[in-house]
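Notes follow the structure.
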Amino acid sequence: MQWTSIIAIYSLFWVLSAFLVMPFGLRTPDEVAGHKVEKGHADSAPVNFRPKLIAKRATIVAAVLCGLFYLNYVNDWISVDDANLLGKLTGEPPVKDLGY
């Protein structure tokens with residue numbers, strides 16, 4: 001695998017991880033005692049949004065996921081043949097002729 005592919009795959013995992021870890025630890029104004037929502041602000045907006053913490057968490061999760069992806073690529077734990085569930089049932093590919 002080329003290093004540019006690893007960087008691209010890591011970037012995809014990082015974006016996915018950022019969305020996965022974003023809601024953890026956030027508090028809405030209803031959950032924080034004494035917090036008053038200012039006029040023009042959404043009631044559901046988080047009170048304690050910390051993008052640096054989210055970036056750190058996403059970096060760690062993405063590194064673990066990218067490492068597992070690379071180990072699977074090297075060791076071939078899960079291959080394309082393993083994902084072909086319909087072909088395993090009959091022993092043949094799901095579509096013999098595409099009709100072209």
Side-chain angles (χ1 to χ4, degrees):
M1 183 181 293
Q2 296 179 0
W3 65 272
T4 53
S5 299
I6 294 173
I7 290 174
I9 292 168
Y10 177 81
S11 300
L12 291 172
F13 276 126
W14 194 91
V15 171
L16 173 72
S17 300
F19 282 108
L20 288 175
V21 301
M22 196 177 299
F24 293 104
L26 292 180
R27 301 287 177 250
T28 60
D30 296 336
E31 298 172 333
V32 177
H35 188 273
K36 184 178 178 182
V37 179
E38 296 181 18
K39 185 177 180 181
H41 289 236
D43 293 336
S44 60
V47 175
N48 61 342
F49 181 69
R50 296 174 292 194
K52 288 183 182 178
L53 181 62
I54 291 172
K56 287 179 187 177
R57 289 177 179 173
T59 302
I60 293 169
V61 172
V64 170
L65 291 176
C66 190
L68 288 172
F69 181 85
Y70 183 75
L71 286 174
N72 182 53
Y73 176 79
V74 171
N75 297 322
D76 200 26
W77 294 327
I78 301 172
S79 66
V80 176
D81 295 333
D82 295 332
N84 186 8
L85 298 178
L86 296 176
K88 284 187 172 187
L89 296 176
T90 61
E92 299 176 1
V95 178
K96 292 182 182 179
D97 184 18
L98 295 176
Y100 297 152

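Excluded from the calculations below are hydrogen atoms, water molecules and symmetry mates; all remaining heavy atoms, backbone and side chain alike, are included.
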Asp43 side chain to Val37 main-chain N or O, any donor-acceptor pair under 3.5 Å?
-> no

Group every Ile, Leu, Val, Met, Phe, Trp and Tyr by side-chain heavy-atom contacts under 4.5 Å, then state whether Leu26 and Phe19 land in the same group.
-> yes

Should we say atom CH2 of Trp77 is surrounded by more than 12 heavy atoms from elsewhere, each under 6.0 Å from it?
-> yes

Report yes or no: do Tyr70 and Ile60 belong to one cluster of Ile/Leu/Val/Met/Phe/Trp/Tyr joined by side chain heavy-atom distances under 4.5 Å?
-> no

Going hydrophobic residue to hydrophobic residue with side-chain gaps under 4.5 angstrom, can you get from Phe13 over to Ile6?
-> yes

Where do Thr59 and Ala55 come nearest, in terms of heavy atoms and distance?
-> OG1-O, 2.6 Å

Within 6.0 angstrom of Tyr73 OH, more than 12 heavy atoms from elsewhere = no

Would you name the heavy atoms of Ala45 and Pro29 that are closest together and state the gap between them?
-> O-CD, 3.2 Å

State plainly whether one hydrophobic cluster holds both Leu65 and Val74, where clusters connect Ile, Leu, Val, Met, Phe, Trp and Tyr through side-chain heavy atoms under 4.5 angstrom apart.
-> yes

With side chains defined as the heavy atoms from C-beta onward, is the minimum distance between Ile54 and Arg57 less than 4.5 Å?
-> no

Spell out, yes or no, whether Leu20 and Leu12 are grouped together once hydrophobic residues are joined by side-chain heavy atoms under 4.5 Å, including indirect joins.
-> no

Whether over 12 other heavy atoms sit under 6.0 Å from Leu71 CG = yes

Run through the side-chain heavy atoms of Ile, Leu, Val, Met, Phe, Trp and Tyr, join any pair under 4.5 Å, and report what else lands in Leu68's cluster.
-> Val64

Please report the shortest heavy-atom distance between Gly25 and Arg50, naming the atom on each side.
-> O-NH2, 4.2 Å

